[in-house]
There are 2 protein chains.
Amino acid sequence: MSGVRAQQKEKTRRQLINAALKQLSAERSFSSLSLREVAKEAGLAPTSFYRHFSDMDELGLTLVDEAGLTLRQLMRQARQRIAKGGSVIQISVQTFMELIESNGNIFRLLLRERSGTSAAFRAAVIREIRYFTMELCDYLQKANQLDADVAYMQANAAVTIVFSAGSDALDIEDKAERDQLAQQTIQQLRFIARGALELSDRRKKLRRNR
Amino acid sequence: MSGVRAQQKEKTRRQLINAALKQLSAERSFSSLSLREVAKEAGLAPTSFYRHFSDMDELGLTLVDEAGLTLRQLMRQARQRIAKGGSVIQISVQTFMELIESNGNIFRLLLRERSGTSAAFRAAVIREIRYFTMELCDYLQKANQLDADVAYMQANAAVTIVFSAGSDALDIEDKAERDQLAQQTIQQLRFIARGALELSDRRKKLRRNR
DNA sequence: TATAACAGCGTACACGTGTACGCTTAAATT
DNA sequence: AATTTAAGCGTACACGTGTACGCTGTTATA
């Protein structure tokens, strides 16, 4: 049981994953990739693909998992930076934008499959994004003493805005323009935060006067 | 030049458009439609397709135009209702949700092609949405006396939130759930409006004290 | 050392695709 | 009335697709 074999298998599995990831781009969606193309890019015979995935769909779901992992990495990194002090919103947006720059394709996958054509994919993507949202919701609730529903609405709106901005950022090559987009996004998140806090305060006053 | 011929041509052209629209659904994206399928659905021989569009892409762009038209219809309708009094945000969201219910497929097209695979499509969709955003921006600027940049950020955020909610609504069949989503969206838009107004006020004070 | 497991390959097949080409037939033009 | 125009059809082709099947060579097990 030395594992030479299993090791090799894992390696070509990664080659398939990377091949698919590489072929994703602005002009190429996952659903437009063919099994043959991916196998070829990975240096495999088409039929060997089946030794690793039963389907292109299965590969796709694996990629979504990969994307979820990246998202969690993002959260960890942002938390670390926040712990060192600074504006929470600014740091979060900046970290997110860096992620998009270095992992454009995997982020594109999330965006496309979110409103994509396969129910399984959509469900998987939505799950990842929901996890992300919930994590943020928790943080907001504790940090700002918000009611659960207010925190959720804020988190949900914030994630929507940030993901949308990320999608736009993917189409911008000019750095100055991207920075401007980031600034705008930060301001929009502040709008939302402000509104949420205000509702929360109003409710608190109402409770006190009862 | 009675136009019997041109009339007939226009009719089958519409049949092609409607055929494509009909085949769009949660499980079927435009890019996954084939020329042959659309022609068949329209009751045409595959090769006759070319008498009307040189490409599936050309048909697609026509559909995006159609969607833009629908969007403008929406704005008109919302304005009429608003003129009769009531909460602007509430009426807008409600009108939007009605549109989605009755024109799900065309709205899906917009959502999908926005982050889709064809540069031409993306550009066309972005143009339509930008128009929509600018219209809202104008309104906000005048109605709330906002600075141009603040109004734009609010409009942009609002449109993002509403479109995202629309996308979610497409996957919900339960009416009560959809209503809840609408309520949440309304609240989120109020957050944003609140934040924008607050920034605007702060700026005004700053100017006064100069 | 003999045997089983299994990753990877090549061949082969049926199927759906876009589209070139020429024909028919009815409307439009002369 | 004679001629031109053009919408729609059928045939035909080359191409890319997923995948079934059997073979080979190497690794793991007994």
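Below, each value reflects all heavy atoms present in this structure, side chains not excepted, and no hydrogens, waters or symmetry copies. Note that the structure is a prediction, hence the values are computed from the model and not measured.
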task: Look up atom CE in B:Met153 and atom CG in B:Leu146, then write down how far apart they are to the nearest 0.5 Å.
output: 10.0 Å
message: Just N and O in the side chain of A:Ser48: are any of them under 4.0 Å from OP1 or OP2 of C:dC9?
response: yes
Between D:dA6 (C1') and B:Gln7 (CD): distance, integer Å: 17 Å
task: Send over the distance from B:Leu16 CG to D:dA7 P, rounded to a whole Å.
output: 12 Å
field: A:Phe107 and A:Phe96 aromatic ring geometry - parallel, tilted or perpendicular at 30°/60° bounds
entry: perpendicular
task: Would you kindly give the OH-to-P distance between B:Tyr50 and D:dG10, to the nearest whole Å?
output: 16 Å
query: Just wondering, do B:Arg108 and B:Asn105 contact through their side chains at under 4.5 Å, heavy atoms?
result: yes
message: Using a distance-only criterion (donor-acceptor N/O pair, under 3.5 Å, no hydrogens), is the base of C:dG8 paired with the side chain of A:Thr12?
response: no
message: For B:Phe49, give me all partners under ring-ring contact (aromatic ring centres under 6.0 Å, His included), at least two apart in sequence or on another chain.
response: B:Phe53
- line: Separation between CD (B:Glu173) and CZ (B:Arg178), nearest 0.5 Å, reads 8.0 Å
Set out, line by line, the N/O atom pairs under 3.5 Å between protein and nucleotides 23-26 of chain C.
none

- request: Send over the distance from B:Gln15 CD to D:dG8 C1', rounded to a whole Å.
  value: 12 Å
- prompt: Can you find a pair of side-chain heavy atoms, one from A:Met75 and one from A:Tyr139, that are under 4.5 Å apart?
  reply: no
task: For the pair B:Lys175 and B:Glu101, find out whether any cationic side-chain nitrogen is under 4.0 Å from an anionic carboxylate oxygen.
output: no
query: Salt bridge or not for B:Arg14 and B:Glu66, using N-O below 4.0 Å?
result: yes
- prompt: To the nearest Å, how far apart are A:Asp55 CG and D:dA20 C1'?
  reply: 15 Å
Given D:dA20, D:dA28, C:dG8, the nucleotide with the shortest approach to the side chain of A:Val4: D:dA28
field: Atom pair distance, as rounded to whole Å: NZ in A:Lys11 and C1' in C:dA7
entry: 14 Å
statement: Rounded to whole Å, the CD-C1' distance (A:Glu37 to D:dG16) equals 9 Å
- request: Give one of base, sugar-phosphate or nothing for A:Ser34, where a contact means two heavy atoms less than 4.0 Å apart.
  value: sugar-phosphate
statement: Of A:Leu35 and B:Ala45, the one whose closest nucleotide on DNA chain D sits nearer the 5' end is B:Ala45
Would you list the protein and nucleotides 12-15 of chain D atom pairs, both N or O, that sit under 3.5 Å from each other?
none

- prompt: B:Pro46 or B:Ala6: which one's nearest nucleotide on DNA chain C is closer to the 5' end?
  reply: B:Pro46
field: Flag for A:Gln23-A:Glu37: side-chain donor and acceptor within less than 3.5 Å
entry: no
- prompt: Taking atom C1' of C:dG10 as reference, at what distance in whole Å does atom CG of A:Leu44 sit?
  reply: 14 Å
task: Give the minimum heavy-atom separation between B:Ser29 and B:Leu24, together with the two atoms involved.
output: C-CD2, 3.8 Å
statement: From the candidates D:dG8, C:dA20, D:dT19, the one with an atom nearest any side-chain atom of A:Thr47 is D:dT19
